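See structure below.
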There are 2 protein chains.
Amino acid sequence: MRPQKVDDQQLMTGLMEVIRAKGFEGASMNDLAEATGLKKASLYHRFPGGKQEITEAVLAFTQAWGRTHIHGVLTNSSIAPAERLKTAIANIRSLYRDGEAICVLRALTMDPSLPIFNSQIGNSFQGWLDGFVQLGKDLGMDHRLAQQRAIQALAWVQGSLVISKGLDDLTVFQGILKDIERLYID
Amino acid sequence: MRPQKVDDQQLMTGLMEVIRAKGFEGASMNDLAEATGLKKASLYHRFPGGKQEITEAVLAFTQAWGRTHIHGVLTNSSIAPAERLKTAIANIRSLYRDGEAICVLRALTMDPSLPIFNSQIGNSFQGWLDGFVQLGKDLGMDHRLAQQRAIQALAWVQGSLVISKGLDDLTVFQGILKDIERLYID
DNA sequence: GTCTATAGCTAGATAGAC
DNA sequence: GTCTATCTAGCTATAGAC
């Protein structure tokens, strides 16, 4: 067979960038082709299911990233809780490019796309929440409090991204990350 | 002249519903026509600038709503701060239909649409923030703390909406509204 | 596996009757 | 002011050469 022009890793990165910036309706196959360096027809060869299959792959990649860099970090019992939190927050900052990037989960929770990707999105959010819940418990919180803090932390991440974008002011996102640290460590 | 088939109020409501549910790219002129009961060409008569002008009108309406029901309430010095907060939160709950609805500001802060609507979106967010800052000051906070709390509250609103939608669980939004109350009153 | 070319459709937007 | 009919551009998706 003919060699692949771009490998799966590069392909995934390019696709994710477009999807999370423009959303499901806003991202055209032309946009996706341009961002990856492949032609439209070649994209259909790699993803016969078209845009929907591409989006599902992006969501699967997103979920795997979260399992490793958020849930995995926050529940790693061989590291002190405070250190886990610092590492997870650093990963969050890097994922969202200091607040400049849009979350792919947010971009795909609009009404037209919701029914299709519902379960994948829910699983990703739940993974983040489970990680933060475990962190809270390891810091001595009871289950109820740990759950409340987890939701508060995740809401701050998502909300500050929306506001940072809306105000075009990345300090909102960066300040909230500090607040999340204080939510657990103080 | 021939009478209007639907008045400005009804028109605005229908347009806003579609825009905030589907976003700028996702909302088609056909969708907008169907939701308002007018035909496509009639929409162009009322909004010669097409979808962009419609979206700007929706944003102007959104900003006016916030000025009245959020900023106006939170800064009303003839009412006790705690009462103002309760009223504003009730208005927020009603605006977002208990967490079911998507915020139009969020829906329009995607990369393709951002440059066009940037300033209107920023003004709306700033209005909410200013209201919460004033509330904090009236509760005895210094400027720095009041600003921090305002951002935290607004981020919780926006973030909990994203998560409620992603998890299909409205209790996330409703729980966060309680947390916002505790952020100021406790 | 990647490409050019194109089919078939739907989008945004306009013309012109009433 | 509202409508039907229509234009053009862009979309998703496919066919078929290499």
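Below, chain A is the first sequence line, B the second, and so on; all start at residue 1. This one's a predicted model, so the numbers in the text were calculated from it and none came from an experiment. Side chains included, hydrogens not; waters and symmetry mates left out as well; all remaining heavy atoms used.
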What integer distance in Å separates Ile19(B):CD1 from dG12(C):P?
10 Å
Taking only the side-chain nitrogens and oxygens of His45(A), find out if one of them lies under 4.0 Å from OP1 or OP2 of dG1(C).
yes
Using the side chain to side chain contact (heavy atoms under 4.5 Å, CB included) rule, pick out the option among Val58(A), Ile54(A), Thr62(A), Val6(A) that qualifies with Met12(A).
Val58(A)
Rounded to whole Å, please give me the gap between CD in Gln52(B) and C1' in dG12(C).
13 Å
Base, sugar-phosphate alone, or nothing: which one does Lys40(A) contact when heavy atoms must sit under 4.0 Å apart?
base
State which of dA15(C), dA11(C), dT2(C) makes the closest approach to the side chain of Ala41(B).
dA15(C)
Do Arg46(A) and Thr36(A) pair up side chain to side chain, a donor and an acceptor below 3.5 Å, judged on atom types alone?
no
Rounded to whole Å, how long is the line connecting atom CD of Glu25(A) with atom C1' of dT12(D)?
12 Å
Might you confirm whether atom CD of Glu34(B) has over 12 heavy atoms from other residues, nucleotides or ligands at distances under 6.0 Å?
no
Result for 5'-nearest mapping on DNA chain D, choosing between Gln4(B) and Gly50(A), is Gln4(B)
For Phe24(B) and dG12(C), give me the distance from atom CZ to atom C1', rounded to whole Å.
10 Å
Whole-Å gap separating P (dA13(C)) and NZ (Lys39(B))
19 Å
Tell me what Ser42(B) touches on the nucleic acid: a base, only sugar-phosphate, or nothing, going by heavy atoms under 4.0 Å.
base
Which of parallel (below 30°), tilted (30 to 60°) and perpendicular (above 60°) describes Tyr96(B) and Trp128(B)?
tilted
Should Asn30(B) be listed as having a side-chain N or O under 4.0 Å from OP1 or OP2 of dG12(C)?
no
To the nearest angstrom, the OH-P distance between Tyr44(A) and dT6(C) comes to 18 Å
dT2(D), dG12(C), dG1(C): which one has an atom nearest the side-chain heavy atoms of Arg2(A)?
dG1(C)
Regarding Ala33(B), tell me which of base, sugar-phosphate or nothing describes its non-hydrogen contacts under 4.0 Å with the strands shown.
nothing
What is the distance, to the nearest angstrom, from the CG atom on Leu38(A) to the P atom on dT2(C)?
5 Å
Will you find, in the side chains of Ser28(B) and Asp31(B), an N or O donor that is under 3.5 Å from an N or O acceptor?
yes
OP1, OP2 of dC3(C) versus side-chain N and O of Lys5(A): anything below 4.0 Å?
yes
Glu53(B) has an atom CD; how far is it from atom P of dT14(C), in whole Å?
12 Å
Would you indicate which nucleotide in dG12(C), dT14(C), dG1(C) comes nearest to any side-chain atom of Arg46(A)?
dG1(C)
